Every structure is written in structure tokens, then in C-alpha cells.
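Take a look at the structure set out below.
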Amino acid sequence: MNTLISHTPIWAKLKTHQQYIAQQHLRDLFALDPKRFEKFSIETEGFLLDYSKNYITDETVNLLLKLAKKVQLEEAINRLFSGAKVNNTEQRAALHTALRNRSNTPIKVDGKDIMPDINKVLVKMQQFTDKVRNREWRGYTGKPIESIVNIGIGGSDLGPAMVTKALKSYHHPRLKAYFVSNVDATHLNNTLATLDPETTLFIIASKTFTTQETLLNAHSARRWLIKHLGDQQAVAKHFVAISTAKQKVIEFGIDPINMFEFWDWVGGRYSLWSAIGLPIAVMIGMDKFEELLDGAHKLDQHFKNTELANNLPVLLALLEVWYSSFFGVKTQAILPYDYSLELFPAYLQQLAMESLGKRVTREGKNIDYPTCPIIWGSAGNNGQHAFYQLLHQGTQLIPADFIIAIDSQNDLNGHQDAVLSNALAQTHALMMGRSANQTQLQILKQEDKNLEQLINQVPHRVFMGDQPSNSLVYQKLTPSILGKLIALYEHKVFVESVCWNLNPFDQWGVELGKQVANMLLPALSSQRDTNINLGVDSSTIGLLKYIFKGSLS
Ligand code: G6Q
């Protein structure tokens, strides 16, 4: 599209409508419409999405759906699933949906059906995971594997780490999983310190097999193994790789028999469904890994086939577009009231911010509207005792997603009632707030203190409320529900990218970091010489000098 979406009549209508809605308090919208919850909630695919606590009316939803039509969302969804090169800057398809295409219908990339290759890798993963789990895969000294260490970073770490942690109750009782991503030797060393080399298997996960952090960690892990087992031959029994770059895997010294392949049409942050999910599959078993894929596939079908007005990813995305582009909201909180999802906010941070942190359209034109908010958050109750204060009484509008499990993975008397009461109390309190009158009445009724002091406290104990939130509720976090949850947010990000006309599948910002680090590495690793022409600013040179000498003098 050549005209920016912000220069269309529907955008102008939404802007005008925003001025009206911004004057309403959420509690007034509730007071005006007793059927608000029924109207703005939807139960489907094992979820209840309650989006009634948002700055919306029927008119808002209608206008947002018109925006979706204007950007030809349905056509864009079809293109995504069809294998078209939707990643236009890299001329690649983005086919994470094919990796979980459980109906196995043919999907073509450059005229070739990719399903047979996908299925072949799934079979290889099945054979490998069975061997590790059944004690058939033996280490160099003949002992069965007890620990797996995934070495990868970014998309080759966050997704598998999040899912592995979330599904802990499905783990094989003998096996333990570790994830090493940071290049600071502390991460690897602290992990290795707890491990027995004879029973440890390293999974080197890197799409490109060129990532500095991953390769350094992988080389150090290999040295550690050889040092302890005393033989280079041990590597074959203790290292496998997941990559698109076969030759580089061979150069590292891993036999291609022990390599699990994936393809350039799988984006890093969308790759947990591919062989990058191997640590998940080892820990929970291939049947459960397939349940994760099945769940995601069901959500894919929902996304593809459900009318926009009842489509979960579409609704979540339109709300975020509404807040970011029309209310100028800068951040969004992700608050799982399910401890198993502790790593979900960090995972989503990459998914959304790497996909939508862009400032030009797909055609390379500068945009003039705000896009992706900063995504942050942490597991529910912990956040309440830390940053929720700012949500309740700070000065910023911060929409939040409350992700709520009715049942926990673990059951202790009274615990889950406490989790649920806190979750519901927070969404309620953030929306309703508490006026000065209410505050006065309450504190005068309840407390036997100095009257003057109490009156002085009133402004400090008033809550404006009016903080919007979604509640996404499910029974229990099974592999299938988790698959659906992840796919839901992936597609939400995709819908936003269509509304904002961004390419969500490239990440030039990540590439820049990799390039600059590689440029500075020689100065740090050997020469320790800042006189060589590094082509960097005086501040960076100053920092380097300080690092070399430990002082500026
Ligand atoms: C994800 C990004 C990025 C990538 C890492 C690791 O979408 O591209 O986070 O996953 O930089 O890259 P490799 O898998 O190639 O090591």
C-alpha cells in the first residue's frame, strides 16, 4: 500500500472516536451497559477472553474491524499460510504454521511441497528423543544421558526455554534440562559445575551457526567435555546440532547424522515448532511435543477460518493497535497468573518487539504513527509486590494482559484460590479505582486514628482506576493449551504488522549488534590497541581504553 494507513478516512474516524472514548471512565462504560461482559467476551478454543475492561464500545469495535478490512487482513492471512514470500526484505516465506500443519496438506515453497521434509525431521526427532529417554543413547563411557544442555540464544533459546519450563510437570523423571545463552562465562561455568560430563548431552541450537555467543559457548563446552573424558571421539556421543547450515555444523566437528535440520523460511523467534524444539521433545516426549503442535495447529485453523469479529488474535491485535496508535500507549504488561508461565513475558518481549519494533513500512517508507509498545511483565503475584504500585497510582496508561489458569500444575490446599482471587482483584481494582469520597468513607469507617492525619492521607490513597486489561482464562496449562497460547500471540503480532504495514519477519537491528560486536572483537581479543582504526566514536574508544588499563590515567 502506498498511502500510509494514517492518511486514510478510517484512521481519521478512529482518531475522532478516540477523543470521545478518552473522556469516559471504564467504570462508567460498565455502568451504562449491564451486558458489557457478555458483549465483549468470547469463549473459544479452550479460552475465555474477557476484553470488556477496555476503552471500547460497539462503535470502537466496528471501526477497528473496518480498519482490518481496509488493510486487507483476510488476504494477508491467506498469504501467510500459503507460503508466499511475506518476509519481503529477505525474500522468504514465514511458514512456522507449516511446522505444525497436522493435517499434512501440501504447502509449497518455490513450487516444492515442504511437508515431506518437515515430517522427516519429526521422525528423526522421535527416534532421537526415544533413545535418550529410554537409556539407549549412551555417552562415551556407556552411561545413559541424564542432563541436556541447550546452547543457543535469542530465538534459539527463549522459546524452547519458556516451553520446557512451562511443561515441567510433563518432564521425564530422570532427565534435567539446562539452557545456556549468555556469553558471560558465568552462565556456562555455573551450569557445568553441576553436571557430570559422562551423562551430559549438549544441543547446539543456531539457525545460522555463526552467532558469536553460541559458538563461543559451544567451543568451551566441547573443551570441557574432552578435558574430562580425555578423548576427542567423545564429542560424537555428547553433541548434537540444530541448524540450517550443514557445512558449518560439520566444520564445528558434529557429524551430520547428529544434526537436525530446519529451513530459512523458519524465523528464529518462530522456530520452537521446528527441530529447535528438540530440548522440549526430549524432556516431555515426542507425543506431548506433538500435542503442543496440535494445539498450535488448532489455533491456526481458528485464525484462518474465523470471522474477524470473533477471531482471538485479531481482537487482541486490534486492541493493541487502538492503544498504541491512538492513545499513544508506550508499554503493555503481560501478567501470567500461572507460575509455569514465568518466562512467557520474556519470550513475548522478543516475539513482539523484534517483529514490530520497526519504523518503515514494508515498502521502506517512514511511518508517522507509533507502533509496538514495550512489552514487559512477570508472574502475577510477584509483580503485585513490586511494580503494580505504578499501575495503580502512576501517571501512565498501561494496558495489561492477565493470563489466568483455573488450575495450577500443582495443587496445595488453598494456594490456587489465593492465585485466582488476586488475579480477579487486580483486574477489578485497576479498572474501578477508588474515588476520594469512597476513600474518605472507607478510612474513616475502618481506622481509629488521628482524624487530621487520615484526611491528609486521602489524596495518597485515591486510585484513579481506568487501567484497561484483558483476561485470558483457561482450565490448565497442557501442551495443547500452551501451543494454542503461543500461536495466539504469534498471530496477534502478525495482525498488528498488517495494520501497521510492517514486515514482522526481519530483524536488522539484531544483525547490526552482531556486526558491530564482530568489528570490536579484534581490538579486545588480542591487540588491545585502540590506535587501530576501529571507525567508532570517542566515547567507545574511551571505554575501550578504560577496559584495557582499568583506569583513565
Ligand atoms: C530471532 C532473531 C534472533 C536469533 C538469534 C540467534 O528471530 O533472528 O534472536 O534467533 O540471534 O540466531 P542463530 O539461531 O542463528 O544463532
Side-chain angles (χ1 to χ4, degrees), residues 80 86-97 99 121 149-163 179-184 187-188 202-221 239-252 254 259-280 343 345-358 372 375 486-487 489-494 496-497 502-518 521:
L80 172 74
V86 288
N87 177 355
N88 63 316
T89 55
E90 296 178 295
Q91 275 303 296
R92 288 177 183 166
L95 275 175
H96 37 291
T97 52
L99 298 166
V121 174
V149 182
N150 189 83
I151 296 184
I153 196 166
S156 302
D157 167 70
L158 287 161
M162 181 273 287
V163 174
F179 288 82
V180 173
S181 52
N182 202 291
V183 73
D184 181 332
H187 199 174
L188 183 64
F202 293 94
I203 300 177
I204 313 302
S206 176
K207 181 174 170 181
T208 54
F209 234 75
T210 56
T211 304
Q212 187 195 59
E213 295 90 336
T214 299
L215 289 188
L216 272 165
N217 277 327
H219 279 287
S220 298
F239 274 77
V240 299
I242 309 163
S243 187
T244 60
K246 192 167 169 183
Q247 198 46 43
K248 296 203 166 71
V249 170
I250 295 171
E251 281 161 25
F252 178 87
I254 295 178
M259 171 183 155
F260 297 81
E261 188 191 8
F262 67 115
W263 308 272
D264 70 358
W265 42 261
V266 183
R269 56 196 171 277
Y270 298 88
S271 64
L272 71 90
W273 320 101
S274 71
I276 288 286
L278 192 65
I280 307 169
L343 299 182
Y347 162 79
L348 268 194
Q349 220 165 37
Q350 182 195 28
L351 177 67
M353 291 165 74
E354 217 167 86
S355 300
L356 301 170
K358 318 272 162 79
C372 187
I375 306 290
I486 301 167
Y489 276 92
E490 281 180 350
H491 293 319
K492 174 195 169 196
V493 165
F494 178 72
E496 288 171 84
S497 78
L502 308 171
N503 176 3
F505 300 117
D506 62 12
Q507 57 283 315
W508 300 104
V510 180
E511 313 300 332
L512 174 72
K514 291 184 182 184
Q515 275 165 25
V516 180
N518 281 331
L521 192 59

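We count ligands from 1, going down the list as the structure has it; atoms in each ligand are counted the same way. These numbers come from a predicted model, not from an experiment.
- Summary of contacts: the protein heavy atom closest to atom 15 (O) of ligand 1 is T208 OG1, 2.6 Å.
- Taking all heavy atoms of G155, G513, S243 into account, the minimum distance to atom 4 (C) of ligand 1 is reached by G155.
- Taking the side chain as every heavy atom from C-beta outward, L158 and L343 never approach each other to under 4.5 Å.
- Annotation: atom 1 (C) of ligand 1 to nearest protein heavy atom, E354 OE1, 2.9 Å.
- At the shortest separation from atom 7 (O) of ligand 1 among protein heavy atoms lies R269 NH1, 2.7 Å.
- Here the side chain of S243 pairs a donor or acceptor atom with the backbone of S206 at under 3.5 angstrom.
- The shortest side-chain heavy-atom distance between N217 and I153 does not fall under the 4.5 Å cut-off.
- Remark: the backbone N or O of D184 is paired with a side-chain donor or acceptor of N182 at under 3.5 angstrom.
- Of the inter-residue distances, the one linking I203 atom CD1 with N150 atom CG reads 5.5 Å to the nearest 0.5 angstrom.
- When only non-hydrogen protein atoms are considered, atom 9 (O) of ligand 1 lies nearest to Q350 NE2, 2.8 Å.
- Among the atoms of S206, some N or O lies under 3.5 angstrom from an N or O of ligand 1.
- Put simply, the side chain of K248 never gets that close to the backbone of T210: no donor and acceptor are under 3.5 Å apart.
- Those atoms of ligand 1 with a heavy atom of T211 less than 4.0 angstrom away are 12 (O), 13 (P), 15 (O), 16 (O).
- The nearest protein atom to atom 11 (O) of ligand 1, hydrogens excluded, is given as K514 NZ, 3.0 Å; this is a heavy-atom distance.
- Within ligand 1, counting atoms from 1 as listed, the ones closer than 4.0 Å to a heavy atom of G268 are 1 (C), 7 (O), 10 (O).
- For atom 6 (C) of ligand 1, the closest non-hydrogen atom of the protein is I153 O, 3.2 Å.
- F505 and F494 have parallel rings, their planes meeting at less than 30° on a 0 to 90° scale where 60° marks the start of perpendicular.
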